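What follows is a single structure, written as structure tokens, with notes after it.
Here the structure is a predicted model, which is why all the values come from computation and not from measurement. The sequence lines fix the lettering, A, B, ..., with proteins before strands; numbering per chain opens at 1.
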There are 2 protein chains.
Amino acid sequence: MKIGGVAKRTGASVRSVRHYEKVGLIRATRDENGYRDFDETDVLLVRRIGRMIRLGFTTEEIATFLNCIVDDPATVTACPKVAAAHRLKLAAIERQMADLETRRQKLLITLKAASGQDDTSVPETPVHAETSPISLAHPHNAGARRLFRRRG
Amino acid sequence: MKIGGVAKRTGASVRSVRHYEKVGLIRATRDENGYRDFDETDVLLVRRIGRMIRLGFTTEEIATFLNCIVDDPATVTACPKVAAAHRLKLAAIERQMADLETRRQKLLITLKAASGQDDTSVPETPVHAETSPISLAHPHNAGARRLFRRRG
DNA sequence: CTTGACCCTGACATTGATGTCAGGGGTTAC
DNA sequence: GTAACCCCTGACATCAATGTCAGGGTCAAG
């Protein structure tokens, strides 16, 4: 199967499949004309890589445990590298969530401080707000916009 | 005050202060020798910019409402632009949190599927798991590591 | 006059998967 | 033979704040 077929079957772009090969996640034999040749096993692998990436793993991380991914769903994390990588990623995600939660609380405080809105429910994690919402007038900053490149 | 003084007083780097000026968030007069000259007002503004950035605003976003930031903490979001920007950011953060939560649940499922660990409590948001943890053997991916640049 | 501590501008690097373009070739059907 | 697809490699762009380097001034103290 050529690369276009893999792309079609996996949902990955041709560009991405080439990228996965370049970083060593997949391997392809070559036809006489230089075209990559894949089989059904590669399709499954590319699908799995896509799932991993959507979970937040980088290709570099995936590479560290790709060689111990096994066919039996029951032994998923049986290989310690896989389990370790998953636990690390889990911890990283929870750190990110905590950071986002902090920022969320500060935004809520700022919003609540000004407008007497009551639809901002602010559930768990009570905050002790030394956040000092907004202040400071600075008269000369009117024309600040549009110094930025726009996406072409 | 010269740029080094601003940096020292705000915690921002000299590089960052120059950057804020370049994108129009602050303005500096120039001494005869070309050196930037700042006053105490600029120090307060740079501190505020730093806080905004830590909240997750980009300088481009900050620029859209910087000119309506006022000195009175009670009127924080009195300027509609500020409130709108904060609500947008809040919504974006909540989307990110939801995405992270989804990924977290999938990671937990995968981990739970293999090791009979019980310290993974999995609290709220029950998941309907069509996640298909891990599978697929691929014998020829042993030498995948170290194709990546290392940071020097 | 030299040293050291500042300041200046401009430019490149970082992160990482992916899009996209340039320039070139293969394969197939008409 | 030519149009229409597909493939190849290599390279640049994306996002955004910040670090860092090169190459060059300014200025005060010794």
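One cannot find a donor-acceptor pair under 3.5 Å joining the base of dT9(C) and the side-chain atoms of Arg18(B).
Rounded to whole angstrom, the span from the CD1 atom of Ile49(B) across to the P atom of dA16(D) amounts to 17 Å. Rounded to whole Å, the distance from NZ on Lys22(B) to C1' on dT18(D) is 13 Å. As rounded to whole Å, 16 Å separates atom C1' of dG16(C) from atom CZ of Phe57(A). Following rounding to the nearest Å, Tyr20(A) (OH) and dG16(C) (P) show an atom-to-atom distance of 15 Å. Note: CE (Met52(B)) to C1' (dA17(D)) measures 17 Å, nearest angstrom. Put simply, CG on Asp37(B) is 14 Å from P on dC27(D), counting in whole angstrom units. In this structure, Asp31(A) places its CG atom 11 Å from C1' of dG26(C), rounding to the nearest Å. Rounded to an integer number of Å, the gap from NE2 of His19(A) to P of dA11(D) is 16 Å.
When all heavy atoms are compared, the tightest approach of Leu45(B) to Leu25(B) is CD2-O, 3.5 Å. Here the closest heavy-atom approach between residue Arg104(B) and residue Leu90(A) is recorded as CG-CD1, 3.4 Å. Nearest heavy atoms, Leu111(A) versus Ala83(B): CD2-O, 3.9 Å. Contact record, Asp42(B) with Arg27(B): OD1-O, 3.7 Å, taken as the closest heavy-atom pair.
Salt bridge Asp99(B)/Arg103(B): present, at least one basic N to carboxylate O contact under 4.0 Å. With respect to the salt-bridge test (charged N to carboxylate O, under 4.0 angstrom), the residues Glu21(A) and Arg18(A) do not qualify.
Nearest to the side chain of Lys2(A), among dC8(C), dC7(D), dA17(D), sits dC7(D). Among dC7(D), dT18(C), dG26(C), the nucleotide with an atom closest to any side-chain atom of Asn33(A) is dG26(C). Nearest to the side-chain atoms of Ile3(B) among the listed nucleotides dT20(C), dC8(D), dC7(C) stands dC7(C). Between dC8(D), dT18(D), dC8(C), one nucleotide has an atom nearer to the side chain of Arg30(A) than all others, and that is dC8(D). When distances run from any side-chain atom of Ser16(A) to the nucleotides dT26(D), dG26(C), dG19(C), the shortest one goes to dG19(C). Closest approach to the Tyr35(B) side chain among dG26(C), dC6(C), dA17(C) is made by dC6(C) (side chain taken as heavy atoms from C-beta onward). The side chain of Arg15(B) has dC12(C) as its nearest neighbour among dA16(D), dC12(C), dC7(C). Set against dA17(C), dT18(D), dC7(C), the side chain of Ile53(A) has dA17(C) as its closest nucleotide.
For dA17(D), the OP1/OP2 oxygens have a side-chain nitrogen or oxygen of Thr59(B) closer than 4.0 Å. OP1 or OP2 of dC8(D) has at least one side-chain nitrogen or oxygen of Arg36(A) nearer than 4.0 Å. OP1 and OP2 of dT15(C) both lie 4.0 Å or more from every side-chain N or O belonging to Thr58(A).
Within the helix from dC1(C)-dG30(D) to dC30(C)-dG1(D), the inter-axis angle between the opening and closing five-pair segments is 40°, rounded to 10°.
By the 30° and 60° cut-offs, the orientation of the rings of His86(A) relative to Phe57(A) is tilted.
The CG atom of Asp37(A) lies 4.5 Å from the CG atom of Asp31(A); values are rounded to the nearest 0.5 Å.
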